[in-house]
Visitor: 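Okay, handing you the structure first.
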There are 2 protein chains.
Amino acid sequence: MRKRNTIQRSLVLEAVNRLQCHATADEIYEEIKKDHPNISRATVYRNLNVLSEMGEIRRMETPGGADRFDHRCHDHCHVRCQKCGRVFDVDVDFITGLEQRIRDAHGFEFTGYDILFRGICPDCQNASQKNEPK
Amino acid sequence: MRKRNTIQRSLVLEAVNRLQCHATADEIYEEIKKDHPNISRATVYRNLNVLSEMGEIRRMETPGGADRFDHRCHDHCHVRCQKCGRVFDVDVDFITGLEQRIRDAHGFEFTGYDILFRGICPDCQNASQKNEPK
DNA sequence: TTCTTATTGAGATTATATCTCAATAAGAAC
DNA sequence: GTTCTTATTGAGATATAATCTCAATAAGAA
């Protein structure tokens with residue numbers, strides 16, 4: 001099934017790049033709608049799927065929240081702040097090799113993994129110290 | 001807000017234990033409904049939340065699928081087979097310390113992490129060799 | 001036994017994502 | 001340039017996981 005180049009597909013790719021890292025499908029949809037109010041939500045979702053299958057962008061599935069899409073900058077995973085919900089990048093150099101070590105043990109053919117850290121970001125730590133002093 | 005001991009809460013805890021590891025909320029709901037057809041889905045979800053906050057059970061959020069709940073056997077994470085959707089356990093002894101190493105770098109206060117591996121299980125590898133020989 | 005209020009059940013609602021299908025348009029064939 | 005095939009689109013319906021609403025119920029302290 002040969003892929004065609006559509007305006008909508010380019011718009012999605014451009015928006016992902018413009019928004020930098022970890023935008024949700026909905027954020028990308030809203031971004032595109034500013035200039036192209038007629039684009040369909042389904043089209044954005046479809047093209048995010050197509051583009052990540054093609055390897056043009058990277059999908060990061062986040063449990064308990066919407067998937068996020070990255071320009072393929074470099075490998076990293078995410079921390080989500082449990083208070084404000086914002087998502088930050090985490091370098092994962094030291095995680096490299098994780099798959100290999102597990103493949104050895106299970107006969108599983110690994111294709112990847114998602115790691116999502118949970119925590120409280122520095123801002124929210126400070127905020128709660130001000131509002132709830134002990 | 002003092003917690004009360006309700007029949008429904010015990011039923012949920014028992015079902016999680018009975019189903020062993022990585023049952024979804026819906027599987028737990030169906031399990032309980034066999035003997036107690038009047039239990040509400042909301043009650044199951046509510047008690048799964050309460051019990052995991054209390055530390056009685058462990059919640060494993062899985063991106064792209066329903067959350068799963070474990071009896072607190074021992075620390076492990078999960079691999080989901082991309083073909084059959086089944087979920088298997090993976091030991092994670094060597095991942096211990098991950099949080100500490102990241103906390104140092106970011107000023108983030110970490111409360112935990114989820115790791116979900118993706119891959120193809122041995123069964124499905126075999127099946128696809130039979131069905132699509134090269 | 002009485003009283004307070006945490007908890008429940010039923011159904012509505014939210015959020016994320018996918019599906020349906022007629023209409024459109026990309027790009028190959030002519 | 002014109003025709004043709006079919007991938008893609010837009011709009012809205014649907015699916016799935018989970019939470020919320022609220023009157024009724026019941027746990028457990030008084």
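Below, chains carry the letters A, B, ... as their sequence lines are ordered, and counting in each starts from 1.
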Visitor: Could you tell me whether the phosphate oxygens of dA17(C), OP1 or OP2, come under 4.0 Å of any side-chain nitrogen or oxygen in Tyr45(A)?
Guide: yes
Visitor: Using only side-chain N and O atoms of Arg2(B), determine if any of them is under 4.0 Å from OP1 or OP2 of dT5(C).
Guide: no
Visitor: Please work out if Asp26(B) contacts a base, only the sugar-phosphate, or nothing of the nucleic acid, heavy-atom cut-off 4.0 Å.
Guide: nothing
Visitor: Any side-chain N or O of Asn49(B) less than 4.0 Å from the OP1 or OP2 oxygen of dA18(D)?
Guide: no
Visitor: Before accepting this row, confirm whether a basic side-chain N of the pair Arg59(B)/Asp70(B) lies closer than 4.0 Å to the acidic partner's carboxylate O.
Guide: no
Visitor: Between Ile7(B) and Arg46(B), name the one whose nearest nucleotide on DNA chain D is closer to the 5' end.
Guide: Arg46(B)
Visitor: Over its full length, what angle do the end axes of the helix from dT1(C)-dA30(D) to dC30(C)-dG1(D) make, each axis taken from five pairs and the result rounded to 10 degrees?
Guide: 30°
Visitor: For a quick test of reading the model: is some side-chain N or O of Thr6(A) closer than 4.0 Å to OP1 or OP2 of dT8(D)?
Guide: no
Visitor: How do Gln8(B) and Ala42(B) order along DNA chain C: which one's closest nucleotide is nearer the 5' end?
Guide: Gln8(B)
Visitor: Taking atom types as modelled, is there a side-chain donor on Thr43(A) or Arg46(A) under 3.5 Å from an acceptor on the other?
Guide: yes
Visitor: Taking only the side-chain nitrogens and oxygens of Asn5(B), find out if one of them lies under 4.0 Å from OP1 or OP2 of dG28(D).
Guide: yes
Visitor: Nearest whole Å is fine: how far is dA11(D) C1' from His36(A) NE2?
Guide: 19 Å
